[in-house]
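See below for the structure under consideration.
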Amino acid sequence: MLEKLFKLKAHQTSLKQEVVAGLTTFLTMAYIIFVNPMMLADAGMDHGAVFVATCLAAAIGCLIMGIVANYPIALAPGMGLNAFFTYTVVGEMGYSWETALGAVFLSGVCFLVLSLVKIREWIVNSIPMSLRLGIAAGIGLFLALIGLKSAGIVVANPATLVSMGDMTAFPAVMAVLGFFLIIAMVHHGMKSAVIVSILAITVLGVLFGDVQYNGLMAMPPSIAPTFMKMDLSSVLEISMLSVVFALLFVDLFDTSGTLVAVAHRGGFLDDKGRLPRLNRALTADSTATIAGAMLGTSTTTSYIESTAGVSAGGRTGLTAVVVGILFLLSLFISPLAGMVPAYATAGTLFYVAILMMSGLMHVDWDDLTEAAPVVVVCILMPLTFSIATGIAMGFVAYAAIKLLSGRYKDLSLGVAVLAVLFLAKFIYG
Ligand SMILES: Nc1ncnc2[nH]cnc12
């Protein structure tokens with residue numbers, strides 16, 4: 001049956017190879033089980049319920065991707081997208097988390113429709129590569145800042161805006177240690193580096209009496225506080241539509257970039273550089289977002305960490321199915337998830353920042369008209385504490401710079417229209 005469903009022989013793989021690949025991918029992305037509930041709890045959501053929603057949304061995404069699209073690509077609620085949900089939509093714009101979940105739901109439905117009618121490809125292709133790279137890197141810097149702030153390493157300063165916190169305080173020391181541990185372990189090829197670092201720092205927290213030990217395993221907590229709590233009543237307001245648009249937009253870039261990167265690593269692209277069964281992969285992605293919003297989590301997306309499993313030999317959807325099953329089993333480790341302190345995951349955020357910034361090497365730094373908008377996005381995204389603002393400023397900068405430099409041919413209609421819309425939003429609010 002496995003052979004019929006996943007065509008293991010045709011993909012020159014075996015059950016054992018796929019299970020090892022699935023375990024590898026899971027270990028590299030399992031940090032989301034700890035980070036996501038912590039991040040969404042900042043938006044006022046129930047930690048236990050989000051923990052369950054995170055595991056279930058990831059499992060649903062992985063199982064659909066594996067069984068329907070037959071790709072070794074795993075999904076989970078995305079970093080960056082969860083920060084946008086908590087700090088921009090709820091924190092800055094003041095919407096309730098229920099309304100924000102409604103916006104996630106609607107963005108998932110729009111993504112599904114766009115994928116089915118193939119407009120998605122046109123939108124993504126009309127965005128210049130430099131802006132796509134800049135957006136990924138900017139999200140990375142944004143995550144790094146969140147990590148530094150949560151560990152007390154970067155603190156507010158009325159004179160200079162920000163400055164260094166108390167580096168001898170326990171959380172700061174632990175965060176730095178966790179980060180160094182990850183880098184050293186990754187350097188030595190340890191696939192489980194991130195999760196080992198999170199657990200090691202949590203154990204130190206318990207040993208030093210900073211974290212209370214609550215046990216490791218238990219029946220899953222109730223999902224009732226977030227299940228079907230999304231509120232769709234205000235998502236049709238004009239200001240909310242821009243949130244839906246931003247969520248859709250960020251997910252669009254995120255997913256496209258991730259799918260291409262993973263497919264590239266696995267050799268799944270055809271001779272024209274296209275991904276076969278792309279629509280099935282996108283359908284899995286958007287369906288998982290819709291299911292995640294109903295369960296109680298921010299946007300679910302394809303994970304770049306899937307490249308770890310592909311490097312370990314994962315070639316078919318069976319890898320993703322193994323990851324999905326492991327996320328289901330994770331439902332039983334909620335006491336451990338509840339114990340992990342913020343400083344144990346701060347190093348992880350910084351590490352993800354490094355992964356997301358690596359694309360900057362492909363920017364044409366000799367062409368100022370390409371490099372300048374990239375830097376605008378990268379700097380403004382963390383400093384305005386908003387992914388959406390960073391993206392919008394990048395588009396405006398790109399269009400203005402290309403126009404003033406006389407490089408009209410580089411300016412596609414899509415970018416020009418978006419730049420005008422973003423500019424209007426800055427002016428009229
Ligand atoms: N938003 C995201 N996109 C791709 N891979 C990720 N890994 C963690 N967050 C991710």
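Positions are given from 1, in the same order as the sequence printed here. All ligand and atom numbering here is 1-based and tracks the order in the structure.
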Subject >> Nearest non-hydrogen partners of A293 and V104, listed with the distance >> reply: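 The pair with the smallest heavy-atom distance is CB-CG1, 3.9 Å.
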Who's closest to [atom] heavy-atom-wise, of [options]?
{"atom": "atom 5 (N) of ligand 1", "options": "T300, I304, D251", "result": "I304"}
{"atom": "atom 1 (N) of ligand 1", "options": "D254, T255, V250, T28", "result": "D254"}
{"atom": "atom 7 (N) of ligand 1", "options": "M356, M79, E305, M29", "result": "E305"}

**OP:** Number the atoms of ligand 1 from 1 as they appear, then name those within less than 4.0 Å of a heavy atom of S302, with their elements.
**Re:** 3 (N), 4 (C), 5 (N)
Subject >> Ligand-side contact atoms (ligand 1) for residue partner Y31, heavy atom cut-off under 4.0 Å >> reply: 7 (N), 8 (C)
How about [X] and [Y]: does a side-chain donor come under 3.5 Å of a side-chain acceptor?
{"X": "N279", "Y": "S115", "value": "no"}
{"X": "E305", "Y": "Y31", "value": "yes"}
{"X": "D410", "Y": "Y398", "value": "no"}
{"X": "T289", "Y": "S286", "value": "no"}
{"X": "T301", "Y": "T255", "value": "yes"}

Original post:
Does F84 come within less than 4.0 Å of ligand 1, judged by its heavy atoms?
Top reply: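 Judged by the 4.0 Å heavy-atom criterion, F84 does not count as contacting ligand 1.
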Subject >> V352 heavy atom under 4.0 Å from ligand 1 >> reply: no
